[in-house]
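Structure first, then comments.
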Amino acid sequence: MKKYNYKFLLRTVYGRAYPRIFGTIRQPSWIFFEILLPVLSIIAFIYVLRSFNAKPEFESFAVIGGSMMAIWFNVVFGMALQLRWEKEGGNLEIYITSPTKLSWILLGMMFGGGLATSLYSISVFTISSYLFGTSFLWSNWYKAILIFISCVVSLYAVGMSLSSLFLRFGRSFEYYLELANEPIHFLSGSYYPIFSVNIIFGLFCSLIPITLGIDGLRQVLVLSEYPTFIDWRLETLIMILYAFIALRFAKFTLAWMEKSAREKGTLTLKWQ
Amino acid sequence: MINAVEASNVTRKYFKRGKKDKIALDDVSLNIPKGSFYGLLGPNGAGKSTLIRIFSTLLLPSEGKVSVLGYDVKTQASEIRWKISLVAGGEMSGYGLLTVYEQLWMFAMFNGLTNKEAKNNINSLLEIVGLNESKNTKLSELSTGMRQKMNLVRGLMSNPEVLFLDEPTLGLDVEIARDVRNYLKIWMKEGNGNRTVLLTTHYMQEAEDLCDTISIIDEGKILHTGTADFLKDKSNFDFKYIVKFSKDIEVGFKVENLKFEYIDLKTIEVYIEDSKKNEEIFNKLKDLSNVISISLHRPNLEDTFLALTGKQLNEKI
């Protein structure tokens, strides 16, 4: 019998990442939905800021926040809801009956989704910065990359741990997620420095990894007079910790979901 | 003989809140010998798919014990998954933006095949099922028949020891269904007794054509198991005449002292329980008005199903 080794893990991850990367790029609509719409949203915010004569650093905040929100949407709709979509598309039963592990397939989704989303996010950032000539501390690029990667990994890990719960609890969760989008815009501080409101509020919001990612990027990329409460290094560490906990939790929820779904007969659409 | 699949006293219930439990399988026991082409024949809702989903580790039995190649489906599912494949009819799996080759390659990666193995197996199977020309076609552009051929390649490319086919020719046109059946026969032959297939179908001819052993299943119970010839002997008659008329048969039509069933508006089947009366019945039938042909037949599996359940296997008028 063949064994579960790292080669099999890498093949599974690459196999599932492939449609995420190459399949998505073949569909030109991603330029509109993943790039142009977020850029339009940033444009709107920047004109609002300019109408209030806000300091230029706020424009930089808006560009960073708007670029990072693209990741949030992709994590929610591309990762957390993925298993349910796979079930509806008839793929889940093939995944389950194949010898690979479901957690490895989800890692592939995470890897492929993370790469594709990073491309979207960096494109939104580049276009918006160019359009408004926003200034950044480019010398800190390596710190920004570290924070960005930690944020993407932690968000996708959270999405991975949620995916089996969403499969188990069904369609109603999709509506709750949609309802959560607007509050997440506010709580993540996507268009303003979160710790400038209130430290307790900022700490509460930091439970969402994207809040830490956006705040960390602002610390290293924008020269600002607004104080911060958590240093970007600690924020990066917290995001890595989030990723670690979420991945462990995902392993547990996947095993529980599979057992429960085999008992209840909810892995397939055809139940008879 | 070693069994590829063993099921004893398997019951499967579905629970629906506020509703009575649905019993999909009721105390089912069956053994599928290694190397056999085994058929489960029954109408829609008989429990065929539930049984195949238990064998392929997608479902757990509510009661009873099931093993595949000696591994228990409850506790050793991952061992079983190395050795099986499941292909279902009407399956729309895959991603529309990928090509046929890319899609198969992706599933090959999940089955632990190396890149080289995947390439060789996919290319040779695509050639055999006649899909080689379409290997760079996107899934979203495939016809239903082509898609089902691709699903079959997916099921076979990992060279499974046990192949589960759940209504594999459902919705396919006659020619493609025949191609699929022919290729399955070749695949079994090439396995030299090391491959086992469990086919579920409600097409009597398909079961008769492919399977060396058939179980008839209805309302979650196995009614009879045996070869097609053995099962045909379980019908209530020795022969039947198929009588065709030039015009639609009138409402209330009767033939004195004879049992018959409508096939369609212009055709009936007349059952002969005593073969000595063949000639007498034939004479009676040929005197009926508007008759254009009368042919004599042995009973088929449809007749057996009717005898065992009092129901038609496939819907008629």
Side-chain angles (χ1 to χ4, degrees), chain A residues 1-5 7-30 82 85-102 104-106 108-109 112 255 258-272, chain B residues 12-15 22 24 44-50 53-54 56-62 73-74 77-99 102-103 105-115 118 138 151 154-155 158 164 166-167 220:
Chain A
M1 187 185 288
K2 292 184 182 178
K3 286 178 185 167
Y4 291 97
N5 54 27
K7 284 184 182 173
F8 189 20
L9 164 69
L10 291 178
R11 279 188 206 118
T12 303
V13 169
Y14 182 44
R16 187 57 190 84
Y18 187 91
R20 270 294 172 91
I21 302 165
F22 297 99
T24 312
I25 288 170
R26 278 178 201 161
Q27 203 171 23
S29 60
W30 70 273
Q82 191 66 36
W85 288 343
E86 298 288 8
K87 176 183 164 181
E88 289 180 359
N91 293 319
L92 188 62
E93 62 184 77
I94 301 174
Y95 292 168
I96 298 278
T97 54
S98 63
T100 195
K101 295 178 180 181
L102 199 53
W104 293 1
I105 292 177
L106 280 173
M109 289 178 195
E258 188 184 329
K259 185 174 176 287
S260 161
R262 285 180 76 204
E263 281 168 0
K264 293 184 190 320
T266 52
L267 278 174
T268 58
L269 289 177
K270 193 177 176 183
W271 65 279
Q272 245 290 318
Chain B
R12 172 71 216 192
K13 293 173 189 167
Y14 288 99
F15 308 99
K22 161 90 182 166
N44 291 330
K48 306 186 296 291
S49 294
T50 299
R53 273 159 174 68
I54 289 174
S56 57
T57 73
L58 283 169
L59 264 181
L60 286 172
S62 307
V73 292
K74 272 187 189 171
S78 57
E79 281 86 351
I80 294 171
R81 289 168 186 166
W82 281 104
K83 293 166 181 284
I84 62 160
S85 263
L86 169 68
V87 177
E91 191 180 299
M92 295 302 281
S93 58
Y95 304 99
L97 290 165
L98 296 187
T99 65
E102 288 171 329
Q103 186 58 77
W105 169 84
M106 186 191 96
F107 286 129
M109 294 298 102
F110 300 164
N111 279 285
L113 271 66
T114 62
N115 260 323
K138 283 184 189 166
N151 290 334
R154 178 190 57 71
S158 59
F164 296 110
D166 190 11
E167 308 260 11

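Predicted model only: the values in this text are computed from it and were never measured. Naming: A, B, ... by sequence-line order, numbering from 1 per chain.
Closest approach of B:Ser62 and B:Arg12 over heavy atoms only: OG-CA, 3.4 Å.
With a threshold of 4.5 angstrom between heavy atoms, A:Tyr95 approaches chain B through side-chain atoms but not through N, CA, C or O. Looking at A:Ile94, the atoms closer than 4.5 Å to chain B (heavy atoms on both sides) all sit in the side chain, from C-beta outward. Within the 4.5 angstrom heavy-atom criterion, no atom of B:Ala108 approaches chain A. Neither the backbone nor the side chain of A:Lys101 comes within contact range of chain B; no heavy atom of the residue lies under 4.5 Å from a heavy atom of that chain. For a residue to count as touching a neighbouring chain, one of its non-hydrogen atoms must lie under 4.5 Å from one of that chain's; by this rule A:Ile105 touches chain B with the side chain only. Residue B:Phe110 touches chain A through both its backbone and its side chain, counting heavy-atom pairs closer than 4.5 Å. Neither the backbone nor the side chain of B:Gln103 has a heavy atom closer than 4.5 Å to any heavy atom of chain A.
Between the side chains of B:Thr99 and B:Glu102, at least one donor N or O sits under 3.5 Å from an acceptor N or O. With 3.5 Å as the limit, one finds no donor-acceptor pair spanning the side chains of B:Trp82 and B:Asn111.
The most heavy-atom pairs under 4.5 Å with chain A, out of B:Ile54, B:Leu98, B:Thr57, B:Leu58, come from B:Leu58. Residue with the most contacts toward chain B among A:Thr97, A:Val13, A:Thr100: A:Thr97 (heavy-atom pairs, distance under 4.5 Å). Ranking B:Met109, B:Lys138, B:Lys74 against chain A, the residue ahead of the rest is B:Met109, based on heavy-atom pairs under 4.5 Å.
A distance of 5.5 Å separates CD1 in B:Ile84 from CZ in B:Phe164, rounded to the nearest 0.5 Å.
At a threshold of 4.0 Å, the pair A:Glu86-A:Arg16 counts as salt-bridged, since one of the basic side-chain nitrogens sits closer than that to a carboxylate oxygen.
Between A:Tyr18 and A:Phe22, the two ring planes are tilted [angle within 30° to 60°].
A donor-acceptor pair under 3.5 Å links the side-chain atoms of A:Asn91 to the main chain of B:Gly94, judged by distance alone.
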